[in-house]
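Below is one structure; the comments refer to it alone.
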Amino acid sequence: MTVESIIAQGVSKALAALYGAEVPAASIVPQQTRKEFEGNLTVVVFPYLKASRKAPEATATEIGEWLVANEPAVSRFNVVKGFLNISVDPAFWLSMIHSIAADPEFGIRKAGPDSDLVMVEYSSPNTNKPLHLGHVRNNLLGYSLACILAANGHKVVKTNIVNDRGIHICKSMLAWQKWGDGATPESTGKKGDHLIGDFYVAFDKHYRQEVKELMEKGMTEDQAKAEAPLMLEAREMLRKWEAGDPEVRELWKTMNGWVYKGFDETYRRLGVDFDKIYYESDTYLEGKDLVLGGIEKGIMYRKEDGSVWADLTGDGLDHKLLLRADGTSVYMTQDIGTAKLRYQDYPIDKMIYVVGNEQNYHFQVLSLLLDRLGFKWGKDLTHFSYGMVELPEGKMKSREGTVVDADDLLDKMVDDAREMSADRFSDMPAEEAAEVARMVGLGALKYFLLKVDPKKNMLFNPKESIDFNGNTGPFLQYTYARIQSVIRKAGGIDMSATPDAVPNEKESTLIQKVADFPGVVAEAGRTYSPALIANYCYDLAKEYNQFYHDYSILREEDASVRSLRLLLSAVVARTLKTGVGLLGMEMPERM
């Protein structure tokens, strides 16, 4: 039981004993006392004045006196107007640290047989180019959200939908046929996704030249774009793909296979994974069938040109195109088909789509359509909408010159970590130093991207993220490594130890901070916010470093005090490791 719940129950009992008021403990929410006042937790008494029929100060004083007399966890109190500031007895904090230390899963709730199943979709790449910086934020947010939901006792399925069909895919395929000269990842030494991305860029370059030449001959820009020979060839290739042409389909499978292998390598480096991957080439036909069935049910309607629409004006939206006049599907159709397959595969209770905020309208529409089509979770699907991320201008150049390539970014982060930490790693074997540099570089990236409210746009500065001071991943990793060094010098730590030294004020504050962890995990799960976990870990690390600066651990002469401080250090380290693990970060044992 948390200290907050103990105090809430105590206040509830006090109100009943003093004023005959029945106030549920669940409605009483003690807050951490502001630093300028004495105390650990504060209860606002204004809601109880009607029951007490007394002034705020008198009411708070009576409740405080009752708690001191009847609740062992409360040692003293003070009153500031209508705010009751409660000091928790140090002996309570001692029992709390023993309890926390004995629980290796502290802060984490395991899923049970009756737990809800939550599906989280993230990544959603196209197979015509490599992953970029936007995908990095998407993958890190999605993976972290899945970890946080699992830590809150949900069953979680991580999914990915790959956009592996359409005109953009045919552009890369056509360019490879024309200018590839049989190039493969093996023959070029390039990752498959980068190789295909190069051909997508090549198509665009030649296509723009054709459009320019046609416009010089008198065509309008729209005419030139539609009549350019390359675009006509790409559309013919798409038609053949739709018709199942064996040669086109075989080339499509081969080139997509190169891309998937490249994606898998980037996912592995990022430390993200999926339980199930869906492909648009498998789902779009399912979506078409559902849409056509929706016409018979009166959910959708067909226009004279053959296109199929949904009328959403009754819900404050507009008319939404679902099938074009030529029968081809749009993204919405694919998402409907994917939803059907997922519902067949899993007993979904909650569906969360991790997609940027430019798609807010899309998911409003999808939610309505799925609900109309009978998917029980459709109306309550969640669009985890997040802002865009950019780098300071001039910091990095991508291969294409327009977007920041994910692999380039990962390479740079690790290189920067190795360069900035050369002195710290000088006494390590080369292999260990390289591994620590990898952890630090990727930890810096993950923490910096996840510490910001997901809804906000953000600027990512690689150099700033690797600073070993301040609100950064390396600062947390260094704090953890520092504690591990102390424990090694002490000869190890017995987590079942029960030192009896009464914690001083600083130690009590640190224990309280650790004790807050389960509540932070729960709130992060409720609000879908990895940033809450990130900033809690920073506050905990900062609090520990102040404690480390003010008090001796290994040189403490009182054996019981020394044992308490070692145990407290070990608990902080474990909590930090668990916390950043929910962000997908790793902790090096030494730095």
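With sequence neighbours excluded, the residues that form a side chain to side chain donor-acceptor pair (under 3.5 Å) with Q32 are D516. With sequence neighbours excluded, no residue forms a side chain to side chain donor-acceptor pair (under 3.5 Å) with R574. Among residues two or more places apart in sequence or in another chain, the side chain to side chain donor-acceptor pair (under 3.5 Å) test is passed with D114 by none. Under the side chain to side chain donor-acceptor pair (under 3.5 Å) criterion, T283 pairs with T338, sequence neighbours left out.
Inter-residue side-chain proximity for N457 and N357 is flagged as met; some heavy-atom pair is nearer than 4.5 Å. Counting heavy atoms from C-beta outward, K191 and T266 have side chains that approach closer than 4.5 Å. You'll find the side chain of R342 reaches within 4.5 Å of the side chain of M351, heavy atoms only. Two residues are said to be in side-chain contact when any heavy atoms from C-beta on lie closer than 4.5 Å; L532 and I148 fail this criterion. Within the 4.5 Å cutoff, side-chain heavy atoms of V486 are placed close to those of Y548. Considering only heavy atoms from C-beta on, T575 stays 4.5 Å or farther from K513 through its side chain.
If you check the side chains of S385 and N360, you find a donor sitting under 3.5 Å from an acceptor. Side-chain contact annotation: N40 with T33, donor-acceptor N/O pair under 3.5 Å absent. No donor-acceptor contact under 3.5 angstrom links the side chains of Y478 and N545, judged on distance only. Between the side chains of D164 and T127, no donor-acceptor pair of N or O atoms lies under 3.5 Å. For the residue pair N152 / R526, no side-chain donor-acceptor distance below 3.5 Å is found, with atom types taken as modelled.
Nearest heavy atoms, D275 versus Y346: O-OH, 4.4 Å. Here the closest non-hydrogen pair linking A183 and F199 is CB-CZ, 4.4 Å. Between G356 and Y386 the shortest heavy-atom distance is N-CE2, 3.3 Å. M591 approaches A481 most closely through the heavy-atom pair N-CB, 3.8 Å. Taking each heavy atom of S115 and G153 in turn, the nearest pair found is OG-O, 2.9 Å.
In this structure, R488 places its CZ atom where more than 12 heavy-atom neighbours from other residues, nucleotides or ligands lie under 6.0 Å away. Counting heavy-atom neighbours within 6.0 Å of K506 NZ, excluding the residue itself, gives a total above 12.
Evaluated for a ring pair (Phe, Tyr, Trp, His ring centres under 6.0 Å) with Y260, the options Y267, F274, Y279 yield exactly one hit, Y279.
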As a quick check of understanding, evaluate salt bridge (charged side-chain N to carboxylate O under 4.0 Å, His left out) for R208 and D204, giving each step before the final call. CA-CA 6 Å; R208 282 189 280 110; D204 189 60; 2.9 Å; yes
Salt bridge (charged side-chain N to carboxylate O under 4.0 Å, His left out) for D273 and K158? Distances and angles first, verdict last. CA-CA 8 Å; D273 59 12; K158 296 168 287 184; 2.6 Å; yes
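Contacts classified as salt bridge (Lys or Arg N to Asp or Glu O under 4.0 Å) and involving residues 579-588 (residues at least two apart or in different chains) are given here: R438-E586.
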Do any side-chain atoms of residues 414-421 form donor-acceptor pairs under 3.5 angstrom with protein atoms, and if so which ones, sequence neighbours left out?
{"unit_1": "D415", "atom_1": "OD1", "unit_2": "R418", "atom_2": "NH1", "d": "3.0"}
{"unit_1": "S421", "atom_1": "OG", "unit_2": "A417", "atom_2": "O", "d": "2.9"}

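Residues F547 and Y544 place their aromatic rings such that the two centres sit under 6.0 Å apart.
For R137 and F460, the positive end is not near the middle of the six-membered ring at less than 6.0 Å and at most 45° from its axis.
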